[in-house]
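One structure is given below, encoded as structure tokens.
Both ligands and their constituent atoms are indexed starting at 1 by order of listing.
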Amino acid sequence: MCGIIGLVSDQEVSSTLLEGLKRLEYRGYDSSGIATINANKIERVRSKGNLSFLEEKLSNTNLPGNIGVGHTRWATHGTPDEKNAHPHITDKVAVVHNGIIENNNQIRNQLIESGVEFSSDTDTEVICHVLTTYLNSGLSAYDSIRATMNDIRGTYALGVLVLSEPEKLYAVRGGSPLAIGSTKNQNFIGSDTYSLSAYSENITYLKDGDIAVIESHSYSIYDHSDSLAIREKQSIIESVSLSEKGIFKHFMAKEIHEQPEVLAKSLSNYIDMETGTLNIPSLPYDLSGISNVTLVACGSSYYAGLISRDWFEKFTNVKVGVEIASEFRYREPPMDINGLTVFISQSGETADTLAALRHCKSLGQKTISIVNVGDSSMCRNSDASLKIYAGPEIGVASTKAFTCQLGVLACLAIKIGVSNGSLSKDQEKEYVQSLLSIPRLISNTLDKEDEIADLAHDLSNITTTLYLGRGQMYPVAMEGALKLKEISYVHAEGYPAGEMKHGPIALLEKDLPVFMMAPTNRLYEKTISNLNEVIARDASVILLTDEEGLKNIGYLANKVKAFVLDKTDFITAPFVYTLPNQLIAYHIALLKGTDVDQPRNLAKSVTVE
Ligand code: F6R
């Protein structure tokens with residue numbers, strides 16, 4: 001993962017690099033650092049922890065220089081200490097790296113045998129020493145970088161400063177994203193558009209194998225065969241502003257509360273409000289001939305895929321598979337040539353999902369990515385993409401992106417159903433009306449936040465919990481458990497309520513908190529049977545249901561803590577039942593005092609396997 005940035009300018013760069021790093025902090029916050037070249041010396045400031053620690057250090061340290069690189073780290077090789085923080089340096093180079101060098105141990109051992117001393121445990125330092133060895137042998141900076149690229153194996157995006165060429169910043173891409181942002185007087189490199197958009201008029205994406213040689217007023221890009229390469233320069237139409245928390249204590253709280261608004265906005269991109277029908281941009285293939293749908297994603301995005309499976313099955317009448325990208329990409333399952341594969345990702349950069357996309361493309365699958373970051377790698381690599389328009393999601397735990405993914409997936413499922421004749425125009429309108437009711441329904445849930453905060457108070461000391469549901473409520477339960485785990489560090493398991501009797505029921509004991517999702521639908525009665533099994537074992541149930549659902553359990557109502565939600569249908573239920581789970585996780589984390597927006601060990605964009 002990690003975020004890298006670099007800048008060559010007519011002016012001092014360290015404060016702009018720091019601002020740029022703030023936009024990349026979602027990629028990792030174990031440590032950070034900046035290096036510059038000044039007065040024929042490489043200077044650097046690094047710090048353990050998130051960027052506030054680096055900012056503090058920089059406020060007391062002068063870091064002059066008109067050229068520099070910066071890094072924010074998600075630890076892979078080596079503990080999250082200052083000694084492992086980037087930039088890594090030798091007496092000749094400074095390097096920032098996003099990715100993993102797979103033959104790092106082998107090269108490190110060779111270098112140690114030849115007398116090189118390492119000062120960190122990172123794979124990146126290997127790059128510094130290989131590069132320095134080539135420079136010492138008399139190769140030019142460019143040739144040394146190319147030779148180093150030939151020696152290392154893995155994935156990387158690199159920003160490189162070479163002391164002997166103090167006006168040139170080298171940008172290198174080998175599998176991890178990297179782009180150049182440019183204005184008249186300065187040129188940047190960055191891991192994503194977001195980090196570049198505040199400072200650049202144009203953006204140019206590097207391709208794998210590229211080395212860019214960047215100066216303050218110009219740059220040149222060379223491809224894998226060292227030929228001058230022309231890469232498309234795209235203008236940045238809108239500068240994405242760094243979101244502020246507003247009245248909220250955390251980005252996560254803000255993003256939870258934004259959901260009615262962003263969902264309405266997101267849906268309005270795919271629905272014609274006048275006719276109440278779908279308005280999906282035309283795709284480069286005919287949806288009516290799709291033989292099957294495969295949904296591929298990781299984490300919360302995978303759960304969004306699981307929820308939407310029921311929509312795809314019901315609306316399209318074709319076979320649907322849902323795959324965890326990291327497993328799918330190595331399984332090599334046979335794929336039907338008329339199959340559509342849908343890649344779901346907030347960041348559009350998740351390494352496993354991206355690799356699965358490339359694999360499916362090589363098999364001739366029709367591909368579509370559903371992403372939040374519009375010009376991400378997945379967008380650029382798939383046949384078509386549908387943006388979810390959630391706006392920047394800064395909190396590491398996905399909230400508004402998750403519900404916006406659900407909205408777009410529902411639209412796509414309906415669209416395929418209409419295209420292949422499985423749904424009538426009337427059904428399309430009926431389902432679109434349901435979608436349009438979602439912002440109001442989830443807004444009603446948000447109005448009950450105080451009730452949830454009280455509930456969280458009673459649960460603030462829990463150490464383990466179960467989330468149970470059937471049908472679409474099963475992945476909703478898994479998503480609820482994931483939210484609690486990642487931001488409050490409480491062990492939680494999401495399980496299909498009907499499967500509990502095959503094992504996890506052994507965990508039930510007095511007062512174990514169990515969240516049960518039970519909207520009144522065709523699975524309601526079955527879920528209530530499972531509720532009885534849980535109550536019979538003295539566990540402490542938090543029942544999420546609607547008024548009718550609560551009424552129907554009769555005397556059992558006295559044995560549960562009920563949270564009553566609006567009446568839902570097959571489309572609206574997953575949205576409405578997700579919101580209380582997000583809020584409960586948030587409020588428990590608040591009471592536990594964890595770092596809600598930057599939970600330990602996590603990062604927003606997972607660009608390593
Ligand atoms: C959980 C969460 C992660 C992501 C996962 C995939 O709250 O945010 O599980 O969903 O890392 O990321 P994207 O959607 O960017 O591919």
What atoms of ligand 1 come within less than 4.0 Å of a heavy atom belonging to [X]?
X: Val396; answer: 8 (O)
X: Glu486; answer: 1 (C), 7 (O)
X: Ser301; answer: 10 (O), 13 (P), 14 (O)
X: Ser345; answer: 13 (P), 14 (O), 15 (O), 16 (O)
X: Gly299; answer: 9 (O), 10 (O)
X: Lys483; answer: 1 (C), 7 (O)

Are Tyr474 and Tyr495 an aromatic pair by the rule of ring centers under 6.0 Å?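 No, they do not, as the ring centres are separated by 6.0 Å or more.
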Give the residue, atom name and distance (to 0.1 Å) of the protein heavy atom nearest [atom].
atom: atom 11 (O) of ligand 1; result: Val606 CG2, 3.9 Å
atom: atom 15 (O) of ligand 1; result: Ser347 OG, 2.7 Å
atom: atom 5 (C) of ligand 1; result: Cys298 O, 3.7 Å

Taking the six-membered ring for Trp, are Phe570 and Trp311 parallel (under 30°), tilted (30 to 60°) or perpendicular (over 60°)?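 Correct class here is perpendicular.
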Polar contact flag, side-chain donor to acceptor under 3.5 angstrom, Asn372-Gln346: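 The answer is yes; a qualifying pair exists.
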Any donor-acceptor N or O pair under 3.5 Å, side chains Ser398, Glu393: yes
Check the surroundings of atom NZ in Lys592: do more than 12 heavy atoms from other residues, nucleotides or ligands lie under 6.0 Å from it?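 Correct, the count exceeds 12.
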Is it true that Asn372 lies under 4.0 Å from ligand 1, counting heavy atoms only? no
Counting both backbone and side chain atoms, is some N or O of Thr350 under 3.5 Å from an N or O of ligand 1?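 Yes: some nitrogen or oxygen of Thr350 is under 3.5 Å from one in ligand 1.
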Using the rule side chain to side chain donor-acceptor pair (under 3.5 Å), only one of His257, Glu258, Gln259 pairs with Lys400; which is it? Glu258
Check against side chain to side chain contact (heavy atoms under 4.5 Å, CB included), Met516 and Met473: CA-CA 9 Å; Met516 293 210 69; Met473 291 301 116; over 6 Å; no
Among Ser300, Pro599, Ser369, Ala297, which one has a heavy atom closest to atom 9 (O) of ligand 1? Ser300
Report yes if some heavy atom in the side chain of Val96 is under 4.5 Å from a heavy atom in the side chain of Leu158; otherwise report no. no
